[in-house]
Amino acid sequence: MISFGAPALADPAAVRLSPVIVTATKTERTLDEVPESVSVIDRAQIETRQPQTLGRLLEDVPNVSVGGGPRGVGQRLTIRGVSDSRILFLLDGARQNFSAGHSARLFVEPDLLRQIEVIRGPASALWGSGAIGGVIALETVDASDLLAPGQTLGGRVRTGYQDANQQWMGGISAYGRVNDQLDLLVDLNRREAGDIRLGDGEDLRHSGFERTSGLVKGTWSGDDINWFSVSYLGFREEGEVPSNAQIESTPETLVDRTTRQDNLNFGYWRDDPNNPYFNPALRLHRTQTRIDEERKHDARRDDTELTTIGLDLRNTMRLAGDAFDQIISYGLEYYKDTATAKRDGIPRPSAPDGNQHIISAYLQNEILLGERLTLIPGIRFDDYASKRDQGDTGTNEDSAWSAKIGANLRVTDWLSFQASYNEAFRAPSLSELFVSGVHFTCGPGCQNLFVPNPDLKPEKARNKEIGLRLSQQNLLMDGDRAGVRAALFRNDVEDFIDRAVIFTPRPVPGNPGPGGVTTQENVTDARLEGVEIEAVYDAPRWFAGLAYSQTRGDNDSTGEPLASVQPDEWMARLGLRFPAQNLEAGAQGRFIAAQNRVPEGVEPASSHQLYDLWLSWRPSQQLAGLSLDLGIDNLLDEDYTPYLSALQGPGRNFKATLSYRF
C-alpha cells in the first residue's frame, strides 16, 4: 500500500507499486506483505514537502504527532500515544540513542534523506530496547538515487527560501559511478534562518539558527555479490535559544547553543543468488551527539555528550520447499552508550556520567504457505548492564525476551487480512537510574533533591493488532490504483518509568533538610487502543487520499487518561497531474480534534485545521534536470497551539526550492 504522502510525478502509463521496505522484517518486502503497520516516505515526497525539520515530514503519518514547539532542536515525537523516549530511531541502520531533557532525539538535514520508514507499534523482537512505541528508520541518499539512467557522473545545485522565518537554504553535491563497481557521493547543505512568525503574527523570539550538514558516502563491489559501503554524516547547528527549547525565552534561560552530531557507518553484505544459505550482512557504526550551552547572563557552561558504538551481524537463508518457502534471518547485535556531562568543567549530577551496553541475539522466520498465507514468527534475547562512573549507586543489570508473530492472508488478489502480536521493552536510561543533585529550590535552605534509583525495571509492551487491506489496479481506468488500509490495535504497557516528586518540609530519606525528594519509579501500567484507516486513489492525471487516526489511553493504576495521547485527526489530500508538462499540483488538509480527555493538571487543547498547497515541476527536453517546488504551509494563517505544547505553531509559510542536476 502506498503511504499517505504526496505522490510523485508519474508516467501516465505506469502503475505505482508498493515501496520495498526492510525495517519491519530486515528483508525486502512490500508494504502489502508486512503484517505490521508501516508507512514509507520516499524521496519524491521529501522534495515536494520541502521540510525544514524531520518533524515536518513525520506529522503527515497517521497516529504520529510532533510536539515541543516549532524550534527543531526541541521537537519530540509521539506514536500511538507513546512518547519520544520510547521510540527507536535508526539512521542508515545505526541506532540513535541520544536523549536529554527537552531536546530533540535526532539531528539530521531532511534534504539528505532518500526514505523514511515508520513502524507504528512495538518492535523489539528485531530491534531490541527502545521500540515500545515504534521505529523511525531514516536512509540517506546515495549516488544511484541521483544519477540519471545511463549517467556515470553528475552534480546537483539547489537553493530555497521559506518566508515564515526568512530561511535561506543552499546545497551542492557531486556523485558518480566508476566501472559499475564504485558509487561515490559528496553533499553539502547550509541553512540560515531568523525567528519564526507564529499564527498570531508575532515572532517566536530566539528561534533562528545556522545549520551546516554534510554527507560523504561510497559503495563498492568487485563481483556484484560482495558489497561494501562507508559513510559519514555530519550536522552542526548554532543559535540563541532558551535552555529548554520548548518554551518562551527569558534573559535568565537564554543560552548560546551548539548542537553537533557525527555519524560514521560501515556496512558489508553478500547477495549471492546461487547460494541461498549464506548471505551475511555486517554493520559497524559510531554516533556522537554533543550539545554545548553557554548561559548568556552569567556565562555558565553546560556540555552534554553521548557516544554510541555498535555492531549488527546477521545472516539470511532462503529455503524453498514443496509445502512452503522460508526466509530465515538470525543475528547478533552489540552496542554501548557512553554519556558525559559537565557544568563549568565539573561533572554534572543531573546528567550523570556512565555507560550502558547491550548484547542481543535474534531469530526470525518468514514462512510462505502456498501462495496466500505468510507467517512471520520471531524472538530476541537482550542482556544489558548500566553503570555510573561516579558514586556508589551500583549497577543496573537485567535481561529481556521479546517475541513476535505476524500473519498475512491474501483472500483474493485484492483483499488481505493481517494479524500480529509484538512485544517490546525499554531498558531504563542512565539519567533515570543515576540522576542526583538539586531538582529545584524552594526558599532559603530548602531544596528538592534527586535520589537515584538503580533498581528500576525495564518497561515492557505487548501489542495486539488486526487489519485488512484492499488493493486494486486498473479500477476506474488503465494505469490507476486504489487501496484501503485499516487496523485496530491494543498496546498494554507495564512498569512505565515516571518521575515521582515528593515535596515536604520535613527531612526524608535522601534529603536531611526541607524540600523532599524526586526519584524515578516503575509506577504505571497503561493500555492504549486505537484505529487507523487510510484510503488512497492514484491515477495518471489525479490522486486523492483520506486518513483517520484515533488513540485512547488510560493509566491502569489510577483510571485517568494518559497525558501523552494525542487528539483524533483526519487528513485529506487531492491533486492533479499534467503529464505532458511534468507538472503536479496538490492540496492537503489536516483536521485535528480538540483534546479534552486529559488527566488532572494537564491543559486541554482546542481543535484546529491546517491547509497546505504545493506545486512541483520537473521539465524535460532543453530544461531536463531542472526542478522547481513551490508550497504554502498553513494557508489560512491559523493561530493554534498543539496539544502538550507551550508554544504556538508557525503561521503561513511561503516556500520555494529550485535545483538543477547536470
Side-chain angles (χ1 to χ4, degrees), residues 22-23 41 43 46 51 53-55 57-58 72-73 75 77 84 87-100 103-117 127-131 135-143 145 171 173 175 183-191 211-220 227-238 258-269 281-292 304-313 333-340 355-358:
V22 295
T23 303
I41 303 171
R43 178 67 185 173
I46 295 171
T53 64
L54 178 63
L57 281 170
L58 294 172
V73 293
Q75 290 186 339
L77 300 176
D84 193 283
I87 298 169
L88 175 61
F89 290 83
L90 302 169
L91 183 58
D92 286 333
R95 297 178 67 97
Q96 306 294 302
N97 290 344
F98 179 79
S99 182
S103 174
R105 293 274 311 282
L106 176 64
F107 307 96
V108 65
E109 168 55 52
D111 194 56
L112 300 180
L113 300 177
R114 64 175 293 269
Q115 180 172 286
I116 303 172
E117 298 174 25
W127 294 105
S129 175
V135 179
I136 296 176
L138 302 91
E139 297 180 20
T140 55
V141 295
D142 53 32
D145 298 312
S173 57
Y175 41 87
D183 288 0
L184 294 172
L185 168 72
V186 178
D187 199 311
L188 294 174
N189 191 282
R190 173 76 174 176
R191 292 181 188 263
R211 179 194 303 168
T212 303
S213 304
L215 173 65
V216 180
K217 195 172 188 180
T219 304
W220 176 79
W227 296 82
F228 300 85
S229 70
V230 63
S231 66
Y232 166 77
L233 178 65
F235 177 99
R236 180 186 176 102
E237 182 170 306
E238 299 174 299
T258 300
T259 302
R260 302 182 182 92
Q261 192 165 72
D262 298 284
N263 294 272
L264 185 61
N265 205 318
F266 169 80
Y268 163 77
W269 64 98
L282 170 68
R283 184 170 302 279
L284 302 171
H285 59 88
R286 180 183 186 272
T287 299
Q288 184 179 69
T289 305
R290 181 182 176 95
I291 296 178
D292 299 329
T304 306
E305 182 178 298
L306 181 77
T307 301
T308 302
I309 59 171
L311 173 151
D312 188 353
L313 175 64
E333 183 179 5
Y334 170 83
Y335 67 88
K336 179 180 180 180
D337 291 335
T338 303
T340 61
N355 64 80
Q356 180 182 82
H357 63 85
I358 298 183

Derivation of the salt bridge (Lys or Arg N to Asp or Glu O under 4.0 Å) call for Arg260 and Asp262: CA-CA 7 Å; Arg260 302 182 182 92; Asp262 298 284; over 6 Å; no
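- In this structure the side chain of Tyr175 never reaches within 4.5 angstrom of the side chain of Val141, judged on heavy atoms.
- Residues Ser229 and Trp269 are in side-chain contact: their nearest non-hydrogen atoms beyond the backbone lie under 4.5 Å apart.
- With contacts defined as side-chain heavy-atom distances shorter than 4.5 Å, the pair Val108/Leu138 qualifies.
- Across every non-hydrogen atom of Leu113 and Ile46, the tightest pair is O-CD1, 3.6 Å.
- Within the 4.5 Å cutoff, no side-chain heavy atoms of Gln261 are placed close to those of Glu237.
- Between Ile41 atom CD1 and Leu57 atom CG the span is 5.5 Å, to the nearest 0.5 Å.
- Atom CH2 in Trp220 sits 10.5 Å away from atom CH2 in Trp227 (nearest 0.5 Å).
- With respect to Thr140, the side chain to side chain donor-acceptor pair (under 3.5 Å) criterion is satisfied by exactly one of Lys217, Glu109, Arg114: Lys217.
- Formation of a donor-acceptor pair under 3.5 Å by the Gln96 side chain with backbone atoms of Ala94 is found in this model.
- The side-chain contact (heavy atoms from CB on, under 4.5 Å) test with Ile136 is passed by exactly one of Ile116, Thr23, Leu106, Leu90: Ile116.
- Summarising the geometry, atom CG belonging to Asn97 is positioned 7.5 Å from atom OG belonging to Ser129; distances are rounded to the nearest 0.5 Å.
- Here the closest non-hydrogen pair linking Leu185 and Ser173 is CD1-CB, 4.5 Å.
- When every heavy atom of Pro110 is checked against every heavy atom of Leu54, the shortest pair comes out as CG-N, 4.0 Å.
- You'll find the side chain of Leu112 reaches within 4.5 Å of the side chain of Asp187, heavy atoms only.
- What you find for Gln288 and Thr307 is that their closest heavy atoms are NE2-OG1, 3.4 Å.
- In this structure, Phe266 and Phe228 have tilted ring planes: the angle between them lies in the 30° to 60° band.
- Tyr335 carries Arg95 over the face of its six-membered ring, with the cationic atom under 6.0 Å from the centre and within 45° of the normal.
- One distance of note links OG1 of Thr53 with CZ of Arg191; it measures 9.0 Å at 0.5 Å rounding.
- Side chain of Arg290 to main chain of Thr259: no donor-acceptor pair is present (N/O by atom type, distance under 3.5 Å, no hydrogens or angles).
- Contact detail for Leu188 and Gly214: the closest heavy-atom pair is CD2-CA, 4.0 Å.
- Salt bridge status for Arg283 with Asp92: absent, with no side-chain N to carboxylate O gap under 4.0 Å.
- Atom CH2 of Trp127 sits about 6.5 Å away from atom CG of Asp312, to the nearest 0.5 Å.
- A distance of 12.0 Å separates CZ in Phe98 from OG1 in Thr287, rounded to the nearest 0.5 Å.
- Contact between Ala339 and Leu306 at its shortest, heavy atoms only, is CB-CD1, 3.9 Å.
- For the residue pair Thr338 / Asn355, no side-chain donor-acceptor distance below 3.5 Å is found, with atom types taken as modelled.
- Using a 4.5 Å heavy-atom cutoff, the side chains of Phe89 and Asp84 are in contact.
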